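Lettering follows sequence order; numbering is per chain, from 1. Heavy-atom basis, side chains included; hydrogens, waters and symmetry copies ignored. Bear in mind the structure is a predicted one, so any value in this text is a computation, not a measurement.
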Amino acid sequence: MHVKESAGTVSMTQVQNAGSPHLEVRNLKTYFYTEDGVVRAVDGLSYGLAKGETLGLVGESGCGKSVSALSVMRLIASPGKIVEGEILLDGLDLLQCSEPEMREVRGNRISMIFQEPMTSLNPVFTIGNQIMEAIRVHQDVSRKEARDRTIAMIRRVKISAAETRVDEYPHQMSGGMRQRVMIAMALACNPEVLIADEPTTALDVTIQAQIMELLAELQSDFQMSILLITHNLGLVAEVSDQVAVMYASKVVEHTSTAELFASPLHPYTHGLLTSVPTLGMPREQKLNVIPGQVPNPLHFPTGCRFHPRCPVAEQRCKQEEPLLREVKPGHWAACHFIENGKSPMKGADR
Amino acid sequence: MILGLFGLFLGIAGWHAGTLWESLAHTVQKLSGASVLYTLRDLDFLVSTLFVLGMLVAMGLYSGISCRQIQKTRSLAQLPEGQWSIVKRQFLKNRLAVVGALIILALYLVAFLCPFLAPYDPVEQGDRVQERLLLPSAEHLLGTDRFARDVFSRIVYGSRISLLVGFLAMGLAVTLGTAVGAVAGYYGGWVDSVIMRFVDMMLSFPSLILIITVIALWRNQSIWIIITLIGLMSWMGVARLVRGQFMALKEREFFQAAKALGAGTGRLIFRHLLPNSLTPIIVSATLRVGNTILLEASLSYLGLGVQPPTPSWGNIVYDTKGNLFTEWWMPLAAGMAIVVTVVGYNLLGDGLRDALDPRLRE
Ligand SMILES: Nc1ncnc2c1ncn2[C@@H]1O[C@H](COP(=O)(O)OP(=O)(O)O)[C@@H](O)[C@H]1O
Ligand code: SF4
Ligand SMILES: [Mg+2]
């Protein structure tokens, strides 16, 4: 709190934290022990989210993005289990916290918003009641004060006529409005980190843009770090500072957004980027499709998990799993054949 | 809306508990042996009059409030339709449900207004020689029984027992079943397995026989014990329902969202799971009230339920056991009363289910 009041201290903290990320995930493994076998939904995931920045976590559907987010919140329920790893919030390992300590973190230091605004609100209470509750979970304030803050919060997420809408039920609101309410609830206690799991996937395009704009604005007001989970590369290009690309329960490439779009090094990222149309791309150029299927987390391929679909795979890829390593300053990737910061793919540097 | 329901529940429960107070007053009167300052019937009149006055005041207040609301709505022009009014509309569209609701309402009115409706005291015995076993007539609508008591009055007063048993036994069963089902559904895992095996075991007992055994062993047939026993034998269905409901709600996104906000067990159960399970609980409770009423009637019919002279529909049938063919209208009237009540509750339950289920709308 004190930090936020004086500009001088802010820059000091930023300098101090330049080396260590605000939220860091190291070698996280979350498995589901199902009847069919062990589903390795997250299996050796690592990334770092710097203070005040936005990290885009991208990957195909089913690659473990949501499970990794829920793992950070420690909300994995049986038959799932966090098997290994570290989740460091400003140096505090969340995996070592007790459940009561974790409840203090949730909603207070780290908040989360979900994909489905239509079902993320409790249908039997008014939205005002729910935002008030979000405040009162962590702070001992009177009803009156909580209500005043709620109305202020509703204004803050740009819902008009806050005084009357505070008493509306979720079913009386549109999807975009509900997502704003979700954001208001998530930010009610001033969290340091916001995890947004596909926050706009269920909304139509114009509303998407408005919500992202709102998030960006609130990010600078609240000085939050945002983990933006999405499968939409366009969104990532617009709003993130850093990108982590996930494939088969792991991060395969992690660097700044500009760098990633300018020179993707991992063959998977390369395929991903050429599979989306870009403005000004020659009309006759065909969209690239990554052949093959997303691997099943019940049994991943041996060696590099991407090798059955990789156009430049070699014998070594089938046996040896590549590690995520710094292939260029500030650019991490997990592929055997990235040398001198050059991708094994021809013409990768677009 | 939830507060309203809760208030309604408390009100009815309060009135039912009031009958307990009546029996307390009765005991006090007996114990003190004092010259009778007031008879039970006087007390009854007092309660009924207060009830009528209360109703009038409530009606006045309600019309005042709704007038103001109408004015407000007009000025706001297009207010989106609240969920409550959708439910009301759906419910009113279902004719049978309205009939059920009216039946139950009428029964409660009868129970409240017993002293005004019943021409005679239900327990007072008339002249054993002259007024015994009279045929139905203008004076005694359903004739008199072996003890020269007016049967019509007894049936009117009998409504109190059935409603009391239905409401309190079900209230107990719902409370117990909800608590047990909530624990099983919230915690899941081995807790759930253990609890649900116990529920299965309870379900496999024939409840009537178990209750009869307990009453026989205990040698106590007070109405409160009967209600407790019926309640203790009726909670399993509710427990299963609540457990299933909790399991399904735990998968919903708003539950995840609440957890992500740091809500603890108490909040999760009482703000998120329970309020969202309320409608199926109410519906199933309403549908099961009929069963508890039938159970009490069966017990009373076997002579193990409510003790005469207190009238209950079950023991009215029991009383005419020997004279079934000559006095067929007595058990018939009492039986009809039971049937109408049970059917009324079932219609009401069905109607509530349809009105509250969003999937069946439009
Ligand atoms: N409760 C669960 N039980 C078993 N498997 C699960 C469970 N939740 C997720 N998974 C599996 O984990 C994998 C990753 O899921 P998820 O994180 O939701 O993917 P996404 O990247 O689309 O968000 C999927 O293969 C999914 O089948
Ligand atoms: S390690 Fe081999 S299979 Fe994996 S991405 Fe690199 S080249 Fe392709
Ligand atoms: Mg997901």
Side-chain angles (χ1 to χ4, degrees), chain A residues 66 69-70 72-75 77-79 99-126 129-131 133-139 164-165 167-173 178 181-182 185-189 191 194-195 197 202, chain B residues 1-6 72 75-87 185-193 245-282 356 358 361:
Chain A
S66 297
L70 291 173
V72 171
M73 302 295 287
R74 289 260 314 267
L75 287 177
S78 159
E99 182 54 31
E101 284 167 347
M102 230 16 246
R103 275 210 300 274
E104 272 311 301
V105 171
R106 291 184 200 124
N108 203 12
R109 299 191 62 191
I110 309 183
S111 272
M112 185 164 174
I113 53 179
F114 295 84
Q115 179 170 351
E116 273 301 329
M118 304 311 268
T119 53
S120 295
L121 291 167
N122 187 336
V124 302
F125 292 108
T126 62
N129 188 317
Q130 297 186 55
I131 300 173
E133 192 62 19
I135 297 172
R136 285 156 63 97
V137 165
H138 294 292
Q139 293 171 16
T164 51
R165 302 214 80 172
D167 292 321
E168 280 185 13
Y169 284 91
H171 76 268
Q172 295 169 300
M173 304 192 124
R178 286 188 218 188
V181 172
M182 279 305 298
M185 282 169 70
L187 302 190
C189 291
L194 177 70
I195 302 178
D197 187 359
Chain B
M1 157 197 130
I2 286 164
L3 272 183
L5 281 177
F6 193 64
K72 220 157 112 192
S75 63
L76 278 176
Q78 272 188 330
L79 206 69
E81 192 174 19
Q83 49 186 10
W84 227 196
S85 65
I86 299 176
V87 168
Y186 182 80
Y187 289 102
W190 66 266
V191 178
D192 174 49
S193 303
Q245 203 69 27
F246 271 35
M247 293 251 167
L249 287 170
K250 267 163 68 182
E251 301 299 319
R252 295 269 295 273
E253 250 173 346
F254 71 81
F255 185 75
Q256 284 284 346
K259 283 211 288 194
L261 283 171
T265 304
R267 274 205 164 81
L268 290 174
I269 291 181
F270 289 104
R271 272 188 65 87
H272 297 281
L273 299 177
L274 212 48
N276 280 287
S277 312
L278 218 53
T279 53
I281 293 177
I282 291 172
L356 292 170
R361 271 180 211 158

statement: Heaviest contributor of heavy-atom pairs below 4.5 Å to chain B, chosen from A:E116, A:E104, A:R106, is A:R106
Under 4.5 Å from any heavy atom of chain B - which part of A:R136: both
Per-residue contact mode, A:M182 against chain B (heavy atom under 4.5 angstrom): side chain
- prompt: By a 4.5 Å heavy-atom criterion (distance strictly below it), what part of A:L70 contacts chain B: side chain, backbone, both, or neither?
  reply: side chain
task: Applying side chain to side chain contact (heavy atoms under 4.5 Å, CB included) between B:Y186 and each of B:D192, B:V191, B:I269, B:L249, report the one that passes.
output: B:I269
task: Rounded to the nearest 0.5 Å, what's the gap from CE on A:M173 to NE2 on A:H171? Could you check?
output: 11.0 Å
query: Do you know which of B:H272, B:R267, B:R252 has the most heavy-atom pairs with chain A at a distance under 4.5 angstrom?
result: B:R267
- prompt: Side chain of B:K259, backbone of A:M73: donor and acceptor closer than 3.5 Å?
  reply: no
query: Would you say A:Q130's side chain and A:N122's backbone share a donor-acceptor pair under 3.5 angstrom?
result: yes
message: Has A:H138 got a side-chain atom pairing as donor or acceptor with A:R109's backbone, closer than 3.5 angstrom?
response: no
query: Which answer fits A:S78, side chain, backbone, both or neither, if we ask what part of it has an atom under 4.5 Å from a heavy atom of chain B?
result: neither
